[in-house]
Amino acid sequence: DDINVRLREDNATGTRMTVKTIRLVLANQNYQIAHYAEYVAVASANKTFVGTLVRAGGTGTISSPASSTSLCSIYVEYVSG
């Protein structure tokens, strides 16, 4: 199966910042995905970022269950300019 990993602004249908296609070759396996995007703030306020996964090919199912031993997170780093 192939999945598209997308980082978006504001919500699950917001402006797509980036997309990366990843091929999953084994069923019932855990995969770690590292993905990178840049964002330039236009104002001083709160901002929401959302990560989405969409199956782009194949017939399997994709899930992203989070637990204390299998984290799902987005790391945001502030770089002063």
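We use all heavy atoms of the structure for the numbers below, so side chains are in, but hydrogens, waters and symmetry mates are not.
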Once you round to the nearest 0.5 Å, how far does [atom1] of [X] lie from [atom2] of [Y]?
X: K47; Y: E9; atom1: NZ; atom2: CD; answer: 4.0 Å
X: T15; Y: D10; atom1: OG1; atom2: CG; answer: 7.0 Å
X: T21; Y: D2; atom1: OG1; atom2: CG; answer: 7.0 Å

Under 3.5 Å: donor-acceptor pair, side chain of R55, backbone of G58:
yes
Side chain of R6, backbone of T52: donor and acceptor closer than 3.5 Å?
no
Candidate list I22, V5, N4, test side chain to side chain contact (heavy atoms under 4.5 Å, CB included), partner L53, passing option
V5
Nearest heavy-atom pair of [X] and [Y]: which atoms, and what distance?
X: Y36; Y: T18; value: O-CG2, 3.8 Å
X: R8; Y: G14; value: NH1-O, 2.7 Å
X: L7; Y: A37; value: CD1-CB, 3.8 Å

